[in-house]
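For reference, the structure is listed below as structure tokens.
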Amino acid sequence: MVSASAMRVVQPTILSTFVGNRLLQSAQPLHQLFSYNPGSKHVSMQLSKRFSGLTNLLFNGSRNADKVLNTKRKRLRPGKISPHRPVPDHIPMPPYVKSKKPPGIASGPEVHDEKGIECMRASGRLAAQVLEFAGTLVKPGIKTDEIDQAVHQMIIDNGAYPSPLGYGGFPKSVCTSVNECICHGIPDSRALEDGDIINIDVTVYLNGYHGDTSATFFCGDVDDEGRKLVQVTKECLDKAISICAPGVELKKIGKTIQEHADKYRYGVVRQFVGHGVGRVFHADPVVLHFRNKESGRMVVNQTFTIEPMLTLGSFNPVMWDDNWTVVTEDGSLSAQFEHTILITEDGAEILTRC
């Protein structure tokens, strides 16, 4: 388990889906952007005037409060976390592993030359292959720690480093977020149950470049409500990618996702974002998944992630005592999908596809 002192260091990182203290590209430091109540474990945001018009949309309760939620499903509880898994000395590690400090978002976008693009394709392809393999392991009875073990082994067998391992103190090589877990679930001794949904978030560091992807999988017989949420979340990602091209405003990503989610009255999680990715794990731009007025346009040869998180009920996040695991306030299901994309001359190329 992470020590109490380490938790205090990790806390700012969790708020921005592994991205450190420059969320929303604001000049405000993180502690001014976010309000964190250790007693309640709620996370909220204090918006500046430049976010006028968004205040009433954000963090003020459930979009789906009138829906009847599945009360038969047991709430998640923390399990046992196994010891740190070693990585062979010959595999290069990202710089943040040795520093043990959350590096935050690197200034400036990840824009690549031809060699860099090929490296991004290689890391994205490996991440996709690992995620596909991880999905085949999902079945009732398997422990999320066993998924982590298999993912860890496949990544190092391919000469890559599992990017989450050691990022700001994160203890595992993959994130496994089950049912109401929005993101950053730590693999542990809990066994998956029939009817669960699980998001598996894989990032690999290969030849100096990160490839980042995730998907939500069904465990056994998932009810129609859960299946629909997962389907619509995937559709949100696909629709967002389809509008990407040089010169397109980044804010159109959030508009596209929000409009589709609204048709089904699903909540869109605001506090966790997409990001530039490449030579560093997290870079500009910050990609918001909801309607916003942020500036910025896509440029050719730029790489970034889009990773919408939708909920059946409240989109308000609550943080566990491990200072990583984030769950929905009301225990409602959450689903997520993610791809790393490359902006090309005439659109976008999905790099994290087998």
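All values derive from a computational prediction rather than experimental measurement. All residue numbers refer to positions in the sequence shown, counting from 1.
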Backbone N or O of [Y] within a donor-acceptor pair of the [X] side chain at under 3.5 Å?
X	Y	value
H289	G254	no
R270	V268	yes
T305	H275	yes
N316	S314	no
D223	G226	yes
K234	T216	no

Problem set entry | Ring center gap for Y161 and H152 short of 6.0 angstrom |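 They do not qualify: ring centres at least 6.0 Å apart.
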Please determine whether the number of non-hydrogen atoms from other residues, nucleotides or ligands lying under 6.0 Å from atom [atom1] of [X] exceeds 12.
X	atom1	value
E132	CD	no
R353	CZ	no
K255	NZ	no
D89	CG	no
D224	CG	no

Looking at [Y] and [X], is there a salt bridge between them, counting it only when a charged N and a carboxylate O are closer than 4.0 Å?
X	Y	result
R77	D188	no
E118	R121	yes
E259	K239	no
D194	K139	no
K251	E294	no

Please tell me if the side chains of [X] and [Y] come closer than 4.5 Å, counting only heavy atoms from C-beta onward.
X	Y	answer
I105	V286	yes
H84	L165	yes
N207	S123	no
E193	R73	no
D148	Q153	no
L192	P140	no
V318	V326	no
L351	R125	no

For this session: Go through T213 and T340 one step at a time and tell me if the side-chain contact (heavy atoms from CB on, under 4.5 Å) criterion holds.
Result: CA-CA 6 Å; T213 186; T340 297; 5.7 Å; no
According to a 4.5 Å side-chain heavy-atom criterion applied to Ile, Leu, Val, Met, Phe, Trp and Tyr, with indirect links allowed, do [X] and [Y] form part of one hydrophobic cluster?
X	Y	result
V202	V138	yes
V248	L342	no
I306	V280	no
I198	V327	yes
I147	L126	yes

Exercise. What's the verdict on side-chain hydrogen bond (donor to acceptor under 3.5 Å, both in side chains) for D262 and Q258, showing C-alpha distance, side-chain angles and the deciding distance?
Worked result: CA-CA 6 Å; D262 282 352; Q258 185 85 62; 3.1 Å; yes
Could you pull out the closest heavy-atom pair between [X] and [Y], with the gap in Å?
X	Y	value
F337	P308	O-CD, 3.3 Å
V151	A134	CG2-CB, 3.8 Å
P86	I156	O-CD1, 4.4 Å
G108	A283	O-CB, 3.8 Å
I253	A240	CG2-CB, 4.0 Å
L250	P285	CD1-CB, 3.6 Å

For this session: Identify which one of V174, V130, V87 satisfies the side-chain contact (heavy atoms from CB on, under 4.5 Å) criterion when paired with P162.
Result: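 Of all the options given, the one that passes is V87.
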Exercise. With respect to D196, which candidate in L333, L76, N179 satisfies the side-chain contact (heavy atoms from CB on, under 4.5 Å) definition?
Worked result: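 Output: one option passes, namely N179.
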For this session: Would you sort out whether V300 and T344 count as a side-chain contact (heavy atoms from CB on, under 4.5 Å), showing the intermediate values?
Result: CA-CA 5 Å; V300 173; T344 63; over 6 Å; no
Problem set entry | Stepwise side-chain hydrogen bond (donor to acceptor under 3.5 Å, both in side chains) check, T325 with H184 | CA-CA 5 Å; T325 308; H184 303 156; over 6 Å; no
Problem set entry | Set of residues satisfying side-chain contact (heavy atoms from CB on, under 4.5 Å) with respect to T328, sequence neighbours excluded |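 Counting only residues at least two positions away or on another chain, T328 forms a side-chain contact (heavy atoms from CB on, under 4.5 Å) with E180, I182, T311, D330, S332, S334.
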Pairwise distance [atom1]([X]) to [atom2]([Y]) - rounded to 0.5 angstrom:
X	Y	atom1	atom2	value
I91	N158	CD1	CG	9.0 Å
M154	S173	CE	OG	13.5 Å
D284	Q302	CG	CD	9.5 Å
C244	H339	SG	NE2	12.0 Å
Q336	D201	CD	CG	6.0 Å
C181	W324	SG	CH2	12.5 Å

Exercise. Honestly, is R279 close enough over Y209, meaning NZ or CZ under 6.0 Å from the six-membered ring centre and within 45° of the axis?
Worked result: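 Because its charged atom misses either the 6.0 Å distance or the 45° angle limit, R279 does not stack over Y209.
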For this session: For the pair Y96 and H210, name the ring-plane relationship: parallel under 30°, tilted 30 to 60°, perpendicular over 60°.
Result: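 Parallel: the ring planes of Y96 and H210 meet at under 30°.
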For this session: Determine the interplanar angle of the Y266 and Y264 rings, folded into 0 to 90°, and report it as parallel if under 30°, tilted if 30 to 60°, perpendicular if over 60°.
Result: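 It falls in the parallel class, under 30°.
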For this session: Could you please spell out the steps behind the side-chain contact (heavy atoms from CB on, under 4.5 Å) verdict for D212 and S163?
Result: CA-CA 9 Å; D212 191 0; S163 302; over 6 Å; no
For this session: Step by step, work out the side-chain contact (heavy atoms from CB on, under 4.5 Å) result for L131 and T352.
Result: CA-CA 9 Å; L131 179 63; T352 44; over 6 Å; no
For this session: Verify the distance criterion only: is there a donor paired with an acceptor across the side chains of K172 and S82 at less than 3.5 Å?
Result: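 Yes - a donor-acceptor pair under 3.5 Å links their side chains.
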Exercise. side-chain hydrogen bond (donor to acceptor under 3.5 Å, both in side chains) between N199 and S214: does it pass, once the steps are laid out?
Worked result: CA-CA 7 Å; N199 176 268; S214 86; 3.2 Å; yes
